[in-house]
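Here is the structure we will look at.
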Amino acid sequence: MMHTTLILTVLGPDHPGLVKSLSELLNQQQGNWTESRMVHLGGQFAGLLQVALPRERVANLKAALDVLQDNGLKVLIAETNAVPATNEILKVEVLGLDRPGIIRDITTQLASLKVNIEELFSEQRPAPMSGGTLFFAALSLSLPAGVSAEQVQTKLEELSDQLMVDLNFA
């Protein structure tokens, strides 16, 4: 039996039972929930979900997801040929006073090295002493062949003084 891997992007008003509904639809089509990132942002549910299911069940899953869309949920579906990453992974944490452009400046430096962002988490946090707002980001970076963790670290540390942020590498 041939399996297909799909990436689902789900967005809509958040409510209890939403993830349960998705998992039930997937289960009805003999699908396997393989990986996901889901979050409540501003009253909305936003989710990314990777699923694997028998190829002959894809059309049925898409039809079932259309019913959810009739209830106000937006679902995008993309078929993928999942290939495990073999590049070196570098984790970076950024913390500093919040201001517009931090992500733009960091990603500009990363793009100049052709570094791919595998995962990005960010949030605003209260600054304990000043009462201001701190910006925090955690990035998981895939380094291309020929680019070392030291090169990425040097490039981002050049920027850290300008941005007035602390960087932590792992």
Go through Asn27 and Glu24 one step at a time and tell me if the side chain to side chain donor-acceptor pair (under 3.5 Å) criterion holds.
CA-CA 5 Å; Asn27 192 54; Glu24 285 175 346; over 6 Å; no
From CA spacing to verdict: side chain to side chain contact (heavy atoms under 4.5 Å, CB included), Leu25, Val67:
CA-CA 10 Å; Leu25 288 178; Val67 172; over 6 Å; no
Stepwise side chain to side chain contact (heavy atoms under 4.5 Å, CB included) check, Met38 with Leu49 = CA-CA 8 Å; Met38 299 183 174; Leu49 172 61; 4.2 Å; yes
Exercise. Passes side chain to side chain contact (heavy atoms under 4.5 Å, CB included), Val10 versus Leu22? Steps please.
Worked result: CA-CA 10 Å; Val10 183; Leu22 286 170; 4.3 Å; yes
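When hydrophobic clusters are built by joining Ile, Leu, Val, Met, Phe, Trp and Tyr residues whose side-chain heavy atoms come closer than 4.5 Å, directly or via intermediates, Val115 is grouped together with Leu120. Residues Leu8 and Val58 share a hydrophobic cluster, clusters being chains of Ile/Leu/Val/Met/Phe/Trp/Tyr side chains in contact below 4.5 Å. By the rule that hydrophobic residues join a cluster once side-chain heavy atoms approach within less than 4.5 Å of another member, Val19 and Ile77 end up as members of one cluster. Placement of Leu68 and Ile7 in two distinct hydrophobic clusters is found when ILVMFWY residues are connected by side-chain heavy-atom separations under 4.5 Å, directly or transitively. The same ILVMFWY cluster, assembled from side-chain heavy atoms under 4.5 Å apart, contains both Ile102 and Phe169.
Looking only at side-chain heavy atoms (C-beta outward), Thr133 and Leu97 stay at 4.5 Å or farther from each other. At least one side-chain heavy atom of Ile106 sits less than 4.5 Å from a side-chain heavy atom of Leu156. You'll find the side chain of Glu56 stays beyond 4.5 Å of the side chain of Met2, heavy atoms only. Looking at heavy atoms from C-beta onward, Val152 lies in side-chain contact with Val147 at the 4.5 angstrom threshold. Looking at heavy atoms from C-beta onward, Leu134 lies out of side-chain contact with Phe136 at the 4.5 angstrom threshold. Taking 4.5 Å as the limit, some side-chain heavy atom of Leu11 sits within range of a side-chain heavy atom of Gln44. Under the 4.5 Å side-chain criterion, counting only non-hydrogen atoms from C-beta, Ile89 is not in contact with Asn87. Contact check for Val51 versus Thr4: no side-chain heavy atoms found under the 4.5 Å cut-off.
Taking a cutoff of 4.0 Å between a charged side-chain nitrogen and a carboxylate oxygen, Glu79 and Arg55 qualify as a salt bridge.
Across every non-hydrogen atom of His40 and Asp14, the tightest pair is ND1-OD2, 2.6 Å.
Checked against side chain to side chain donor-acceptor pair (under 3.5 Å), Asp105 has the following partners two or more places apart in sequence or in another chain: Arg99.
A distance-only check finds no donor-acceptor pair linking the side chain of Thr80 to the backbone of Thr5 [under 3.5 Å].
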List the atom pairs, with distances to 0.1 Å, where a side-chain N or O of residues 121-129 and a protein N or O form a donor-acceptor pair under 3.5 Å, not counting sequence neighbours.
residue: Glu123; atom: OE2; partner: Arg125; partner atom: NE; Å: 2.7
residue: Glu123; atom: OE2; partner: Arg125; partner atom: NH2; Å: 3.1
residue: Gln124; atom: NE2; partner: Asp98; partner atom: OD2; Å: 2.4

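For residues 107-117, the pairs satisfying side-chain hydrogen bond (donor to acceptor under 3.5 Å, both in side chains) are Asn116-Glu118, with sequence neighbours left out.
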